[in-house]
Amino acid sequence: MKIPINLKAGSVDKEEKKDVIIGIDLGTTNSLVAYADGEETFVIRDTSGSNALVPSILHFGKDGVVVGDIAREKLISAPERTIYSVKRLMGKSYQDLSSLKDSVGYNVIDQDAEALVKVEIDGKYYTPIELSAEILKELKYRVEKHLKATVSKAVITVPAYFNDAQRQATRDAGKLAGLEVLRIVNEPTAASLAYGIGLSKDEEQTIVVYDLGGGTFDISILQIQNGIFEVLATHGDTQLGGDDFDKVIIDYWLSKSDISADGLNNNKSLGQEYRTEAEHAKKAISTIGSYKTSIANKELHIDAETFASLSYDLIAKTINACKLAMKDAKLSNEDIDQIVLVGGSTRMPIIKSAVSDYFGQSINDSLDPDEVVAIGAAIQADILAGNRKDLLLIDITPLSMGIETVGGLMDVIISRNSKVPTRAGRQYTTSVDGQKNLKIAVYQGERDLVEHNRKLGEFNLTDIPPMPAGIPKIEIKFILDADGILTVKATELRSNVETQMEIRSAYGISEEDMARMLIDSLQNAESDMQTKGLLESINEANNILLAAQRFIEQNKDALTIEQISKINLLKEDLLATTQGDSKDVIEASMQAMNLYTAPLAHEALDRNIGKALKETKM
Ligand code: ADP
Ligand code: MG
């Protein structure tokens, strides 16, 4: 039997605990929230009771921020104060986003290329985390209104391909919205849970999750075994979604009218009218097969057949991604047990038939494709709440674990959100000639400097046989078992000298500490990145100083007195810059050193080759 351990509190979950934990699908286009009560799952809808989708759009108005349909209406009249597609910005730096920046109506500010992005509104800067938090607050508000009770815990879904930074950003957004994020779950995993796949222990299945949303397309292949959902492959296109299907309809209508694409671009409200009507047409085709309307006194229509032929290329692109994913996973169609459709765009009959034709089997489409991810998140939340007792829980490490390296930097070996049990390792070496001992200090946390993280323990690898610096191969291995016990092993591979240490309760971190660490890392992300850059430059400069010293020693017969004193002068300069706190100054000084020594090093190399050749001739 497995005991559900609360990883963050390091405690065993008590049975009587019956907190409502909500499940949130934080989408690029639409978001929604659901909860479960041990048996049934409820999706929170608007007051009309029909619509569960909250457009993931924020508008900054005179009276503060509004989210959802009201914000969506402002896209035309106030594009620079209306933010959409925030999910695309999560965990991204300016460098990552150079292409997106020009395609949105709001202002993504351009600072230091490596810094995390911010959005500017009225001279104030907002991080994507803060913006996503606004969407999450709206969802939280909706459930609370419905339940007439406060909620404070959530499970949030993310695409399977989200990296650590994007997952962390999502978690932090939850924190800012006043939600303790108990788990970040992959969207395809949630979708399978919604269909009841993977809910029993001995089940073994391989499934395909095809997710076509408003602006993105993802295909994931999952293997489910003993309650573990493993992503075998993901593919997709972050710039392909329902909007592109609207666009083929717009282009078709434009070809029937005397308006050019440029003309439409220049007339914002006409453009919006076309977009709205095209989306209506697309949805109508899904149900009744054709659509008629008039825009600016022009009669327009489209039928299913025309739409199918216009959409052919878009659909082919998605099928091609399916092919690639199957190839990556090394699977053939017979290996696939089930196919799950996710995302509003999979309501289109042409999509359903294309996917089912390609895989040669029927598809799971009995649930509302808009709601499957939120429903699955709610089921996962329900499991965490302890309402479904017979279920096996797969746990993940809530914080990264790593060791201290030169300059007090944290070198992560097992990253947060890794599923347990897990093992990972890396090789290191010594920095001093003849070094006999190596201190291994183990930390947990997300900050770049170990001093800001939590120390789990420390031990020494002793009796390393004397070797020149850089020669020993020291492997550090982290083995984290299912109960959260971490074993750290250090082995010098040339001599097989080995030491190991067991660290208990790697998860034993209090909720408060966790919160503080996350808030800290949020507030300090930028300054951490600067400090990290500075420390890396100092390390590099120290290496260059060492190399220059060696160069002089090894070539003192061939170098002139002037050359030696010039190198010494450059060394002093460089050494002085490492005492300061400017990465740029250090780098300029390193460059000056390189500029002067590179030709000398070349000459020395030529000399040595010449000498070696002569020796072999003799
Ligand atoms: P995301 O996951 O990106 O937030 P959604 O899953 O909410 O997106 O999908 C939104 C898209 O689904 C929109 O492009 C919308 O036009 C499309 N959509 C919704 N209903 C239908 C329908 N009946 N037929 C075709 N497309 C639809
Ligand atoms: Mg989605």
Side-chain angles (χ1 to χ4, degrees), residues 23-34 43 45 50-58 67-69 72 75 84-90 132 135-136 139 156-162 170 185-192 194 209-220 234 236-250 272 274-291 302 304 307-308 310-311 314-315 318 340-355 365 367-377:
I24 293 176
D25 171 4
L26 184 59
T28 311
T29 320
N30 295 303
S31 298
L32 61 162
V33 55
V43 176
R45 294 168 204 286
S50 63
N51 191 11
L53 298 180
V54 178
S56 306
I57 303 175
L58 306 90
V67 172
D69 286 309
R72 186 182 175 155
L75 274 174
Y84 58 95
S85 284
V86 173
K87 190 171 177 177
R88 294 185 190 276
L89 307 179
M90 293 291 269
S132 290
I135 299 172
L136 292 172
L139 297 172
I156 305 179
T157 59
V158 298
Y161 61 79
F162 254 31
T170 305
V185 176
N186 287 334
E187 287 161 11
T189 300
S192 5
V209 180
Y210 177 105
D211 181 347
L212 189 59
T216 59
F217 167 64
D218 304 311
I219 159 95
S220 315
T234 67
D237 189 333
T238 53
Q239 306 295 335
L240 172 67
D243 300 348
D244 298 286
F245 289 82
D246 302 346
K247 195 153 177 307
V248 297
I249 298 178
I250 297 172
Q272 185 56 32
Y274 264 90
R275 272 195 294 278
T276 309
E277 282 303 304
E279 192 180 1
H280 283 159
K282 177 181 73 176
K283 290 181 178 171
I285 290 168
S286 293
T287 49
I288 53 169
S290 69
Y291 188 71
I302 184 162
F307 179 60
L310 294 171
S311 310
L314 295 173
I315 297 174
T318 72
V340 171
L341 296 188
V342 180
S345 300
T346 61
R347 284 213 187 82
M348 291 186 272
I350 43 175
I351 295 283
K352 292 188 193 197
S353 57
V355 177
D365 63 351
L367 294 176
D368 183 333
D370 283 330
E371 298 181 356
V372 281
V373 170
I375 290 173

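One-based numbering, in listed order, for ligands and for the atoms of each.
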task: Around atom 20 (N) of ligand 1, find the nearest protein heavy atom and jot down its residue, atom name and distance.
output: Arg347 NH1, 2.8 Å

field: Non-hydrogen atoms of Leu53 and Asn51 that approach each other most closely
entry: N-OD1, 3.0 Å

- request: Determine whether the side chain, the backbone, both or neither of Glu279 has a heavy atom under 4.0 Å from any heavy atom of ligand 1.
  value: side chain

message: Tell me which one of Val33, Ile156, Val67 satisfies side chain to side chain contact (heavy atoms under 4.5 Å, CB included) with Leu139.
response: Val33

- prompt: Which of the listed options, Gly242, Gly343, Ala281, Ala278, holds the heavy atom that is closest to atom 14 (O) of ligand 1?
  reply: Gly242

message: Can you tell whether the side chains of Arg347 and Asp365 come within less than 4.0 Å, N to carboxylate O?
response: no

- request: Please say whether Asp246 places an N or O atom under 3.5 Å from an N or O atom belonging to ligand 1.
  value: no

message: Can you give me the closest heavy-atom contact between Thr238 and Thr216, atom names plus distance?
response: O-CG2, 3.6 Å

message: I need the Glu371 CD to Asp25 CG distance, nearest 0.5 Å.
response: 10.0 Å

- prompt: Is the closest N or O pair between Gly214 and ligand 1 shorter than 3.5 Å?
  reply: yes

- prompt: Residues two or more places apart in sequence or in another chain: which of them pass side chain to side chain donor-acceptor pair (under 3.5 Å) with Thr170?
  reply: none

- request: Would you check whether Ser345 has a nitrogen or oxygen atom less than 3.5 angstrom from a nitrogen or oxygen atom of ligand 1?
  value: yes

message: Please list the nearest protein heavy atom to atom 3 (O) of ligand 1 with its residue and the distance rounded to 0.1 Å.
response: Thr29 OG1, 2.8 Å

query: Which residue holds the protein heavy atom closest to atom 2 (O) of ligand 1, what is that atom called, and what is the gap in Å?
result: Gly213 CA, 4.1 Å

Pair Arg275 + Glu279, salt bridge at N-O below 4.0 Å: no

task: May I ask you to identify the nearest protein heavy atom to atom 24 (N) of ligand 1, giving residue, atom name and distance to one decimal place in Å?
output: Ser286 OG, 2.8 Å

- prompt: Among protein heavy atoms, which lies nearest atom 26 (N) of ligand 1, and at what distance?
  reply: Lys282 CE, 3.3 Å

task: Not counting sequence neighbours, which residues clear side chain to side chain donor-acceptor pair (under 3.5 Å) with Thr346? List them please.
output: none

- line: The atoms of ligand 1 lying under 4.0 Å from a heavy atom of Thr28, numbered in the order shown, are 3 (O), 4 (O)

query: Got the closest protein heavy atom to atom 6 (O) of ligand 1, with its distance?
result: Gly344 N, 3.0 Å

- prompt: Counting each atom of ligand 1 from 1 as listed, which ones have a heavy atom of Gly27 under 4.0 Å away?
  reply: 4 (O)

- request: Locate the shortest heavy-atom distance separating Ala190 from Thr157; write the atom from each residue and the value.
  value: CB-CG2, 3.9 Å

- prompt: So, is Thr216 polar-close to ligand 1, with some N/O to N/O distance under 3.5 Å?
  reply: no

